[in-house]
There are 2 protein chains.
Amino acid sequence: MSNSQITIKDIAKALNVSVSTVSRALNDSPDLSGATKQQVQEYARQHHYKPNLLALSMKKRESKTIGVIVPQIIHHFFSSVLEGMMDVAEKEGFNVLLFRSRDSFEKEQHSVQQLISSQVCGVLTSIAKETTHYEHFQELVDNNIPVVFFDRICVDIPSNRVVIDDYAGALAATEYLIKTGCHRIAFFCSPLNLEISKNRRGGYLDALSKHGIPVDKDLIKICDNYDEAIPVATEMLQSENRPDAFFAVNDETALGILHATKHLHFKIPEEVSICGFTDGFAAIASDPQLTTVGQSGQDVGRSAMELLVEKIRHKGDQPLIKNKIIKTKLIVRETTR
Amino acid sequence: MSNSQITIKDIAKALNVSVSTVSRALNDSPDLSGATKQQVQEYARQHHYKPNLLALSMKKRESKTIGVIVPQIIHHFFSSVLEGMMDVAEKEGFNVLLFRSRDSFEKEQHSVQQLISSQVCGVLTSIAKETTHYEHFQELVDNNIPVVFFDRICVDIPSNRVVIDDYAGALAATEYLIKTGCHRIAFFCSPLNLEISKNRRGGYLDALSKHGIPVDKDLIKICDNYDEAIPVATEMLQSENRPDAFFAVNDETALGILHATKHLHFKIPEEVSICGFTDGFAAIASDPQLTTVGQSGQDVGRSAMELLVEKIRHKGDQPLIKNKIIKTKLIVRETTR
DNA sequence: TTTGTCAGTGAAAACGTTTGCGCTGTACCT
DNA sequence: AGGTACAGCGCAAACGTTTTCACTGACAAA
């Protein structure tokens with residue numbers, strides 16, 4: 001809010017013309033005399049006139065604003081996604097209203113309400129870990145607001161999606177571990193209500209079965225962060241039938257495992273191989289450097305925003321559902337043979 | 001934008017009352033009969049009525065929205081700051097409009113314009129590396145929009161500021177290096193138009209002089225990222241009068257130095273000590289783990305948002321300038337003796 | 001009965017824009 | 001001269017709210 005912002009009315013009064021004339025002058029309308037136009041534009045420039053976006057949005061019934069909900073911001077993947085989104089938002093002339101769910105269902109729900117209230121013309125989101133039902137997202141659809149889910153998608157809502165090729169990434173990573181001689185491969189993943197968990201586990205399991213390795217349920221843990229990974233990995237490594245490789249759902253977890261492994265003085269990668277998922281900065285900074293499945297958050301963000309903008313532009317057209325799959329790339333470094 | 005959102009008018013028509021009545025009912029006004037109120041509220045609930053924030057903001061002339069401009073999003077410090085800001089924005093009921101300058105003056109300027117146009121009721125920002133003049137920020141002040149600068153502040157504009165205690169942090173780190181026996185301490189920093197650079201350099205220089213160590217200009221480099229740090233550090237380490245310690249303006253740079261040092265097979269910390277600034281996740285993931293000056297981005301973000309909210313609430317009061325200094329903490333790990 | 005009070009509601013203006021329509025006056029055509 | 005055409009501009013409605021003011025009717029006090 002501002003007390004002193006100059007409006008179209010002020011200009012009209014000062015120049016002794018009507019508001020419509022000012023409006024037309026500023027929009028460079030063809031049915032205005034050059035002189036009047038110039039005069040108005042000049043005055044506006046000098047007085048730093050800026051259109052009131054709220055009024056404009058009201059009038060035009062579209063806000064040129066896109067809502068984004070992420071579970072967390074300090075997080076290599078999500079901040080990369082945001083960065084990518086900003087790239088195209090900027091290019092396409094949209095502003096971004098940011099919300100954060102902290103993986104809480106309630107906050108996610110509230111954010112959606114705010115976004116609808118704010119008249120955003122589209123929403124990009126990755127669902128909270130807690131979320132298991134989706135009425136709030138359905139409301140977006142009911143209100144005719146395009147939604148694109150990214151990464152953690154929602155299969156119940158008809159909408160566009162951008163996902164990492166989790167299955168292929170996990171498959172490739174697991175196969176690589178197998179090919180380099182590992183056969184007791186532990187898998188650390190997030191809760192299974194998330195699609196990404198299901199898909200990565202699918203890749204892991206299929207890689208095992210493809211190579212005739214039986215699944216050992218004791219090797220699969222729900223564990224997806226650095227701190228928890230340390231004790232869990234430590235315990236596994238101390239068991240008599242210890243794993244000879246770990247595949248983790250993200251880099252933090254993998255680095256927790258790495259920490260535990262080094263601490264127990266296992267040789268990496270000779271005795272224990274480790275592979276992460278994401279390829280954040282820490283994967284390079286660690287020693288040994290982490291082998292990981294690279295996923296470009298920026299590509300995800302860019303694609304999601306592009307899809308959304310396209311959907312906004314062609315509203316009312318065919319409501320076809322377009323999905324985009326972002327390829328991963330196995331980045332072999334020093335924690336695997 | 002949405003075609004189908006239900007408005008107060010729709011409710012009025014459906015219930016055969018006036019819009020004023022509906023408005024009052026929804027705001028729980030005391031001078032309405034209980035029956036009418038209940039009826040309206042019930043109808044609104046059933047039809048998922050949501051107030052149009054744009055209209056509301058227009059009317060009330062305040063948008064309950066805060067603008068944030070950061071140079072970059074994929075960046076441990078800035079994403080931490082954002083996270084902290086969201087904490088208090090959420091608590092205080094403000095929405096956040098996010099912009100990113102990519103350290104470009106032009107983009108920063110454009111973002112400010114958009115924020116003014118968007119009628120935000122306050123702005124939080126950390127200036128772009130390129131920025132050397134500040135008319136655009138002055139415009140915010142002229143429009144009576146409170147601004148709080150954080151981290152990379154702007155001294156020319158009368159406004160609140162939240163800064164890391166860069167000077168003290170750098171002083172403490174340098175002194176620690178000196179006390180542990182280093183006397184040729186290199187310093188890698190960002191361009192000097194940024195206050196943080198000046199202050200950190202100030203701390204570095206004062207620590208040296210305090211301990212009677214002469215300043216060697218060859219030991220001071222403008223270099224603030226991983227990739228550039230590697231060749232620069234390599235060259236320094238190969239010189240005959242090599243440094244025995246490095247102090248870098250951020251962790252990425254420090255880790256670049258670490259990489260170069262390990263590559264040349266210097267013993268860390270016996271032959272070369274390294275200290276960073278930030279304490280991101282990579283500082284723990286690296287091996288040896290990085291000694292660094294911990295700065296809590298979240299605290300910075302929280303404080304900045306708190307200051308801003310306070311300023312918004314007490315608009316028109318004394319325009320006193322409050323600064324907040326966030327303490328740093330030297331976190332000694334394995335890259336120093 | 002007359003007056004006053006007050007609970008309950010509606011009408012209308014306002015926030016800053018855009019835009020369809022209509023009004024004026026000049027210039028051109030016949 | 002009479003008519004047409006159109007350039008140039010203003011009026012007013014509309015977007016969804018809130019809020020001031022005024023109105024109605026019921027009921028109590030006189």
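The figures here come from the full heavy-atom set of this structure, side chains too, leaving out hydrogens, waters and symmetry mates. Order of the sequence lines sets the chain letters (A, B, ...), proteins ahead of strands, with each chain counted from 1.
Within 6.0 Å of CD in Gln38(A) there are 12 or fewer heavy atoms belonging to other residues, nucleotides or ligands.
Rounded to an integer number of Å, the gap from NZ of Lys13(A) to P of dG10(D) is 15 Å. For the pair Met58(B) CE and dT18(D) C1', the computed distance is 12 Å after rounding to whole Å. As a whole-Å value, the separation of Gln5(A) CD from dG16(C) P is 9 Å. dC15(D) atom C1' lies 10 Å from atom CD of Gln119(A), rounded to whole Å. Computed from coordinates, the Arg61(A) CZ to dT17(C) P distance equals 19 Å when rounded to whole Å. Rounded to whole angstrom, the span from the CD atom of Glu62(B) across to the P atom of dG16(C) amounts to 14 Å.
Of the candidates dT9(C), dG16(C), dG10(D), dT9(C) carries the atom nearest the Thr21(B) side chain, counting heavy atoms from C-beta on. When distances run from any side-chain atom of Asn27(B) to the nucleotides dT17(D), dT18(D), dG16(C), the shortest one goes to dT18(D). The side chain of Ile8(A) approaches dT17(C) more closely than any other nucleotide in the set dT17(C), dT17(D), dT18(D).
Side-chain to base pairing of Arg24(B) with dG8(C): no donor and acceptor N or O lie closer than 3.5 Å to each other. Interface remark: the Ser20(A) side chain does form a donor-acceptor pair with the dC11(D) base, using a distance-only criterion of under 3.5 Å. Between the side chain of Lys59(A) and the base of dT17(C), no donor-acceptor pair of N or O atoms lies under 3.5 Å.
Contact check of residues 30-38 of chain A against DNA chain C (heavy atom, cut-off under 4.0 Å) returns no residues at all. For the segment residues 47-56 of chain B, the set of residues with a heavy atom within less than 4.0 Å of an atom of DNA chain D comprises Tyr49(B), Lys50(B), Pro51(B), Asn52(B), Ala55(B), in numerical order.
Counting heavy atoms from C-beta outward, Met305(B) and Phe94(B) have side chains that stay 4.5 Å or more apart. Within the 4.5 Å cutoff, the side chain of Asn52(B) has no heavy atoms near those of the Gln5(B) side chain. Counting only heavy atoms from C-beta outward, the side chains of Lys64(A) and Leu56(A) never approach each other to under 4.5 Å. Side-chain contact check for Gln72(A) versus Glu83(B): some heavy-atom pair is nearer than 4.5 Å.
OP1 and OP2 of dA14(C) both lie 4.0 Å or more from every side-chain N or O belonging to Lys9(A). Remark: Ser18(B) is not in phosphate contact with dT9(C), judged by side-chain N or O atoms under 4.0 Å from OP1 or OP2. Note on Thr7(B): every side-chain N or O is 4.0 Å or more away from OP1 and OP2 of dG16(D).
Between His136(A) and Phe105(A), the distance from one ring center to the other falls under 6.0 angstrom.
A donor-acceptor pair shorter than 3.5 Å cannot be found between the side chains of Gln109(A) and Gln113(A). Between Gln114(A) and Asn95(B), the side chains place a donor N or O and an acceptor N or O closer than 3.5 Å (distance only, hydrogens not considered).
Lys311(A) places a side-chain N or O within 3.5 Å of a backbone atom of Val147(A) that can act as its donor or acceptor partner.
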**Request:** Check step by step if side-chain contact (heavy atoms from CB on, under 4.5 Å) holds for Ile66(B) and Val120(B).
**Result:** CA-CA 5 Å; Ile66(B) 282 170; Val120(B) 294; 5.9 Å; no
